[in-house]
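Quick caveat, the model's predicted, so the values are computed rather than measured. Order of listing sets the numbers, starting from 1, for every ligand and every atom in it.
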Amino acid sequence: ADLTTQFLELPLKNPLMNASGVWCSVASQLEALAESAAGAMVSKSCTLQPRDGNPEPRYRVINGERTFGSINSMGLPNEGFAYYLRYAQRHDYEQKPLFMSISGLTLDDNLTMVDSLKDAVIPALLEVNLSCPNVPGKSQIGYDFDAMDTLLAEVSSGYQRPFGVKLPPYFDMAHFDEAAEILNRYPLVAFVTCINSIGNALVIDIDSETTLIKPKDGFGGLGGDYVLPTALANVNAFYRRCPEKTIIGCGGVKSGTEAFLHLLAGATLVQIGTSLYEEGPGIFPRVLDELAAIMDDKGYKTIADFRGKLKTIA
Ligand SMILES: CC(C)(C)CCc1c(C(=O)O)[nH]c(=O)[nH]c1=O
């Protein structure tokens, strides 16, 4: 099978990449991704200033007879915008595309980072994390449609180049409609990454009768097997509603099977989070081999043969 694909006219060796936040916070990790079999890569959502993030334990896998997923409340630990900009300035874009994720603590911080990235004139692709915090007491930007509209208007006029957004999961058809209506009013929003972790889950250890993670009384974002059906729904919902935009799928990918499903649902690229955290960059060749085998079994020669061709029941 031929796993090559394109993203915004850029040729890629394959559709796999990391999810922001996983294996991408420091240069050694970014260099490992650059050397890996991934077709593209993204850096950890950054803030203007470096941040330590929350106290540990802040990321844990959820295990039963196998790993079902993960919960995290990292708190945006990152080296600060300038660090990732420096990495982006020395990245080899011939090797693979690099996405840069930003998650400013304020609208101003986001616009400052957007301005600097625009002035840097580098091929890095901007992914604005809409799970970025809003003013205290208000929901994350992705769930505050007025704030989302304002942020997209400001980033569009500041950046004046194509960029993308990382969306939290939505669970209501009216929310799919409203979010898509806003996104479709911004032609510079060239891609949409669905989904970020399912927010504010709570995982409890029965033996200790204690939460798994320390921050936020144990409340954190859910990843892994638990989120696959929600991830596929969000990929397909925005694929249907935003025909002019490219969808990146994220959530529950641990093998060629889930990568195939994300592509079938309409994703052009597929991000791996929890399973990459657990397995490391060696996951990429494994998932690629599994995806190629599925395509061969089904008689698909290229990704275009099946991408977005999910069938519904007549
Ligand atoms: C949740 C925020 C800290 C506001 C943003 C960063 C982030 C984090 C994080 O750094 O805790 N974890 C996620 O699963 N997704 C995210 O987007």
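Under 4.0 angstrom from ligand 1, there are no non-hydrogen atoms of Arg51. Contact annotation for Asn129 and ligand 1: only side-chain heavy atoms (C-beta onward) come within less than 4.0 Å of the ligand. Looking at Asn196 against ligand 1, only its side chain comes within 4.0 Å, counting heavy atoms.
Considering only non-hydrogen protein atoms, atom 5 (C) of ligand 1 sits nearest to Leu76 CG, 3.9 Å. In terms of protein heavy-atom proximity, atom 2 (C) of ligand 1 is closest to Ser131 O, 4.2 Å.
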Verdict with supporting geometry, Lys298 and Asp305, salt bridge (charged side-chain N to carboxylate O under 4.0 Å, His left out): CA-CA 10 Å; Lys298 289 170 170 284; Asp305 290 344; over 6 Å; no
Test ring-ring contact (aromatic ring centres under 6.0 Å, His included) on Tyr93 and His91 and set out the steps. CA-CA 6 Å; Tyr93 291 87; His91 177 74; 4.8 Å; yes
Is there a salt bridge (charged side-chain N to carboxylate O under 4.0 Å, His left out) between Lys254 and Glu258 once you walk through the steps? CA-CA 7 Å; Lys254 62 180 179 183; Glu258 300 79 27; 5.2 Å; no
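Polar contact check, Ser197 against ligand 1: a nitrogen or oxygen pair lies under 3.5 Å apart. For ligand 1, the polar-atom distance check against Gly75 finds a nitrogen or oxygen pair separated by under 3.5 Å. Residue contacts with ligand 1: Met74 is placed with a nitrogen or oxygen under 3.5 Å of a nitrogen or oxygen of the ligand (distance criterion only).
In this structure the side chain of Ser131 never reaches within 4.5 angstrom of the side chain of Lys166, judged on heavy atoms. The shortest distance between side-chain heavy atoms of Phe99 and Ser43 does not fall below 4.5 Å.
A salt bridge between Arg286 and Glu279 is present, with a side-chain N of the basic residue lying under 4.0 Å from a carboxylate O of the acidic one.
Listed by number with element, the atoms of ligand 1 under 4.0 angstrom from any heavy atom of Asn72 are 8 (C), 9 (C), 11 (O), 12 (N), 13 (C), 14 (O).
A side-chain donor from one of Asn78 and Thr47 sits under 3.5 Å from a side-chain acceptor of the other.
Contact analysis leaves Lys166 out of contact with ligand 1, as no non-hydrogen atom separation drops below 4.0 angstrom.
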